[in-house]
Amino acid sequence: MILIMESIPDMVLRGRGVVFRLEAYWVRVVRGRTTWTVPLAAISDVGYAEGRVRLELAAGGEGDSVTLTTRNTTAADAFVRRLRDAVSRVPTAENGPAMVIAEHRERPRLRLPGRPLVWLACLAVVPYFWYFGTAIKLVGGDDSAAGALLGVSMLYCPWGVVLLVKGWRDVVRDALILWRRGITVPGRVRAYKWSSTGSDGSGEYRPVYEFRTLEGHKRRVTQSVAHTHKGEEGPVDVTYDPLSPTRVRGERQRQLLVRGTVMMFFGVLSVVLLLVPLCVIVVSLLTD
């Protein structure tokens with residue numbers, strides 16, 4: 001049994017609120033703070049249709065199944081093939097639901113951002129409040145505010161373009177690609193590569209991931225997007241692009257996506273703000 005099961009690689013499939021983790025002898029189903037350990041012998045059938053992966057328990061009644069919904073057909077197809085292969089190699093139990101083990105985790109403590117990040121966010125938002133306040137004066141008939149708005153907008157527009165391009169290229173684009181076709185497997189953070197970003201000694205950290213693809217190839221890849229703080233080394237789920245295995249994401253994926261989305265939001269906002277005083281000036285010239 002051990003020799004047979006070792007040939008089946010581990011894999012992780014993420015869906016809407018549910019995670020399936022295929023391991024050597026079981027599937028771990030994670031939903032919220034509860035984890036169900038389902039032995040392979042307790043699974044009678046694995047169904048997949050219309051983006052839904054369904055695990056049926058052996059000799060179970062109505063409701064003795066779990067469903068995961070995902071739009072990543074590449075990962076779902078690979079997961080279903082491997083799970084069906086694994087289930088076919090073990091004898092089916094007579095009472096699958098009785099073999100399932102449930103574990104509950106405590107609610108994690110909420111981690112608030114550090115004080116420097118809070119101050120930086122506040123300083124970044126203040127000019128936008130001033131802009132909107134001045135724009136209200138302009139709408140109210142104070143034409144003298146148009147010049148001030150135009151000057152500020154011309155300063156913020158290049159900054160907005162930089163944020164827009166960097167947020168899309170470095171964060172959002174890869175996140176969307178991996179969301180559509182990425183494969184998630186267990187891996188490890190082996191090290192962090194530090195690079196300097198300023199003369200004051202500040203820097204950023206890029207995690208180095210080590211993992212094995214579903215084809216059995218061992219990879220050691222440095223993440224292209226950096227973190228401002230060094231994380232912990234050790235086990236972590238790694239999502240890679242099967243068409244380009246050097247495109248990877250591991251720890252803190254949600255934080256990276258939020259950061260990229262915020263960058264693109266302020267980038268679009270900074271570019272759009274330039275249009276307001278320009279439109280007002282053009283309209284005033286045409287009406288004079």
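The model shown is predicted, which means the values in this text are computed figures rather than measured ones.
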Is there a side-chain contact (heavy atoms from CB on, under 4.5 Å) between R71 and W179 once you walk through the steps?
CA-CA 8 Å; R71 294 186 179 180; W179 176 70; 3.8 Å; yes
Spell out, as yes or no, whether a donor-acceptor pair under 3.5 Å connects the side chain of [X] to the backbone of [Y].
X	Y	value
N72	G182	yes
R181	T73	no
Q223	V225	yes
R84	V46	yes
S88	D85	yes

For M264 and V172: C-alpha separation, side-chain torsions, deciding distance, then whether side-chain contact (heavy atoms from CB on, under 4.5 Å) applies.
CA-CA 9 Å; M264 291 190 63; V172 179; 3.5 Å; yes
Does [X] belong to the same Ile/Leu/Val/Met/Phe/Trp/Tyr cluster as [Y], with side-chain heavy atoms less than 4.5 Å apart forming each link?
X	Y	value
V221	Y205	yes
V53	V18	yes
V27	V19	no
M263	F265	yes
L57	Y48	yes

Is any side-chain heavy atom of [Y] closer than 4.5 Å to one of [X]?
X	Y	answer
T213	Y240	yes
R82	L22	yes
V185	D10	no
S65	L55	no
S224	R249	yes
V80	L13	no
Y192	V208	no

Worked check of side-chain contact (heavy atoms from CB on, under 4.5 Å) between D241 and L178
CA-CA 6 Å; D241 182 4; L178 294 175; 3.9 Å; yes
Out of R28, E103, R105, which residue meets the side-chain hydrogen bond (donor to acceptor under 3.5 Å, both in side chains) rule with T35?
R105
Pick one: which of D237, T184, T239 meets side-chain hydrogen bond (donor to acceptor under 3.5 Å, both in side chains) with R14?
D237
Separation of [Y] [atom2] from [X] [atom1] (nearest 0.5 Å):
X	Y	atom1	atom2	result
R31	L68	CZ	CG	9.0 Å
E56	S44	CD	OG	6.0 Å
E233	K230	CD	NZ	5.5 Å
M99	T37	CE	OG1	11.5 Å

Which heavy atom of [X] sits nearest to which heavy atom of [Y], and what is that distance?
X	Y	answer
V238	G187	CG2-CA, 4.0 Å
A78	I183	CB-CD1, 4.5 Å
T74	P242	CG2-CG, 4.2 Å
R206	A226	CG-CB, 3.7 Å

Just wondering, more than 12 heavy atoms not from [X] lying within 6.0 Å of its [atom1]?
X	atom1	value
R173	CZ	yes
W36	CH2	yes
E215	CD	yes

Any salt bridge between R188 and E210, counting N to O under 4.0 Å?
no
Is there a donor-acceptor contact under 3.5 Å linking the side chains of R52 and T67?
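No, no side-chain donor-acceptor pair sits under 3.5 Å.
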Let me see the working for I101 and V38 under side-chain contact (heavy atoms from CB on, under 4.5 Å), right down to the final yes or no.
CA-CA 7 Å; I101 301 174; V38 184; over 6 Å; no
